[in-house]
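Read through the structure below, which is laid out as structure tokens, and then see the notes.
Because the structure is predicted, anything quoted here is derived from the model rather than measured. Throughout, a chain's letter reflects where its sequence line sits, starting with A, and its residues are numbered from 1.
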Amino acid sequence: MLATTTATAIAIRDLTVAYHDRAVLWDVDLDIPAGVLMAIVGPNGAGKTTLIKAILGLVPVVAGEVRIEGRPLAEVRRRVAYVPQRGSVDWDFPTSVLDVVMMGRYGALGWIRRPGRRERDAALAALEQVGMRDFAGRQISQLSGGQQQRVFLARALVQDAAIYLMDEPFQGVDATTERTIVGLLRELRSAGKTVVVVHHDLQTVPEYFDWVTLLNVRMIASGPVDAVFTPELLRRTYGGHIAFLGQDDGGLAAVAGGGA
Amino acid sequence: MSAPQFEIQLIAVVVAAACALPGTFLVLRRMALMSDAISHAILIGIVLAFFITEDLASPLLIVGATLTGVVTVSLVELLHRTGRVREDAAIGLVFPLLFSVAVILIARYADNVHLDTDAVLLGELAFAPFDRVILAGWDLGPRALFIMGAILALNAAVIGLLYKELKLVTFDAGLAAALGFTPAAVHYLLMALVSITAVGAFDAVGSILVVALMIAPPATAYLLTDRLPLMLGLGVLVGAAAAIGGYWLAHWLDASIAGSMATVAGLLFGAACLLAPGRGLIAVARRRAAQRWEFAQTMLAIHLFHHRDAPDAAEESRVAHLETQLRWERRFAEQVVRRAERRGLIRRDGQTLTLTDRGAQLAQEALGG
């Protein structure tokens, strides 16, 4: 089996994160094997984004620890790429598409050193990969939502990491962008990368991913989609807020309902 | 123009440039109000440092005031983090308190020295040329010019060196942290620059003008460009224009120099807000109007396209019919028809309209065909 033969990319032990006195993640234990294409699913407020941010050290942790390839994050920072939610930045910021993509190289450059020709070429290549090469000189406020998302993906690609953490890359994108992202995720997996994606659309989980983590403040389950993405476990994840549209040959169609 | 007149303008231009550089990042980080807070709160730092040194010219005053600026920022953050008040309220709570304590301290213990609150708020640029640096009998120039020149050089050097980091932290603090750039360090460095600039400038131009020159010129530049390097450069230029324009306005009106400069800075922003080529209100209104006509013509083309081969084509294609069918007023309908005719989308034969090939093509494209 995949899990037993491959190394662990991310190991999370007893992770608890709280905002003020409310626990957002409660005692999470999770091993993410290297080379999987994994979705994190769960209802709103389940702590999916917080989990990604905790892995990246962006939120203070009450208890527990995260190890990446067996080492603390600070030692392997450059092996991890991050795609934040598209809405987390100001798209009116005065800068160009190429400039935003080059930001992905800043970590490798370190303090003070300026990006040069190599960074520029890497950024242009990444833009080509997401079908945005012609937009390189465009001001970012002129992009559609899907184009913004592809720029963010290109920015993660130039980081040339081993592990990719993406926060809702499919949120509100057009069909072209969705296809581009799915293609890109598969390419990354073929290249042996580990990809972790916060995902909202339950229906596409079996089609897009091979590994899934069900989360609702606590860890519900994690493993291969075939084994974990079951009505029983989904019901436990979403409580009553879920309706199953029916099952057909291994594919499960489920719709999370009612918010909260 | 006399030598003091020239020197006053030169000092003002240097102050404006020094303010615009950190001000650009304040505007982009939506922290404009922080310049207000810092430029007022530093007073307590100056007062406390003065009590220790008992010398108004001591460089310790600048150190004390800069520290107070940074302390103000952390107090605001501390208050905000309690989760009891929002950030804007936290700013509004912290700096008036620090400022008022400073005002009381001055009134109570330092009344007999030159540290009055009028000078703090408005400064006295007109007197700046009289306070000179004299070294071994040589008159090197006004002291304010040296202080502000040094601060301008510091700001330019720090922003030049850490341009990439400032840009990243401002645009996407999450990614900056994930890449290992500590956003908090960059943030406090910027706040230290704002503080030191405010301290240096307030003696010459007062805290009101510090706020005006930190915010208005970068905000104006933001309307004129969508490139960050250009925004920094334009911010400096607009600030310089406000400084020189304000000086002559004050000269002409025989009014406060600082007040006039702040007024010109506001007027320049107002002009850009109206007239900026892309983001100005007039450009936006014209673009909307153009879109409205464009949309109406497309609607007309689609309407004619749908009824092209139908038996009721003749009836549907009458100008008068558009009023009921598309709910257009007569005058509007006439105008749309005239514009569409001019663009070669339709042909008009008395009251009957026919779609040209170009019009049919437009309709098909609009329908996604």
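- A salt bridge links A:Asp99 with B:Lys167: the closest approach of a Lys/Arg side-chain nitrogen to an acidic carboxylate oxygen falls below 4.0 angstrom.
- The minimum heavy-atom distance between A:Met103 and B:Leu168, with the atom names listed, is SD-CD1, 3.8 Å.
- When the candidates A:Leu109, A:Val80, A:Asp92, A:Val89 are compared by the number of heavy-atom contacts under 4.5 Å with chain B, A:Val89 comes out ahead.
- In this structure, CG on B:Leu179 lies 10.5 Å from OH on A:Tyr106, to the nearest 0.5 angstrom.
- With chain B as partner, the option from A:Ala108, A:Ala156, A:Gly110, A:Ala81 having the largest number of non-hydrogen pairs under 4.5 angstrom is A:Gly110.
- Using a 4.5 Å cut-off between heavy atoms, A:Val100 touches chain B through its side chain atoms alone.
- With a 4.5 Å cut-off on non-hydrogen atoms, B:Thr24 does not touch chain A at all.
- The shortest distance between side-chain heavy atoms of B:Leu175 and A:Arg155 falls below 4.5 Å.
- Residues A:Tyr82 and B:Asp172 have side chains not in contact (no heavy-atom distance under 4.5 Å, counting atoms from C-beta outward).
- Heavy atoms of B:Arg279 lying under 4.5 Å from chain A belong exclusively to its side chain.
- Within a 6.0 Å radius of CZ in A:Arg79, no more than 12 heavy atoms belonging to other residues, nucleotides or ligands are found.
- Residues A:Leu58 and B:Ala178 come closest through the heavy atom pair CD2-N, 3.7 Å.
- Within the 4.5 Å cutoff, the side chain of B:Leu161 has heavy atoms near those of the A:Ile112 side chain.
- Comparing A:Leu56, A:Ile140, A:Asp90 by heavy-atom pairs within less than 4.5 Å of chain B, the highest count is held by A:Asp90.
- Of the atoms belonging to B:Arg30, it is side-chain heavy atoms, and not backbone ones, that fall under 4.5 Å from chain A.
- There is no contact between A:Leu165 and chain B, counting heavy-atom distances below 4.5 Å.
- Contact annotation for B:Val27: neither backbone nor side-chain heavy atoms come within less than 4.5 Å of a heavy atom of chain A.
- Contact check for B:Leu28 versus A:Phe93: side-chain heavy atoms found under the 4.5 Å cut-off.
- A pairwise comparison of heavy atoms in A:Pro115 and B:Lys164 identifies CD-CD, 3.9 Å as the closest pair.
- Within 6.0 Å of the CZ atom in B:Arg286, the count of heavy atoms belonging to other residues, nucleotides or ligands does not exceed 12.
- No side-chain heavy atom of A:Pro94 sits under 4.5 Å from any side-chain heavy atom of B:Arg227.
- Screening residues 113-128 of chain A for side chain to side chain donor-acceptor pair (under 3.5 Å), with sequence neighbours left out, gives no hits.
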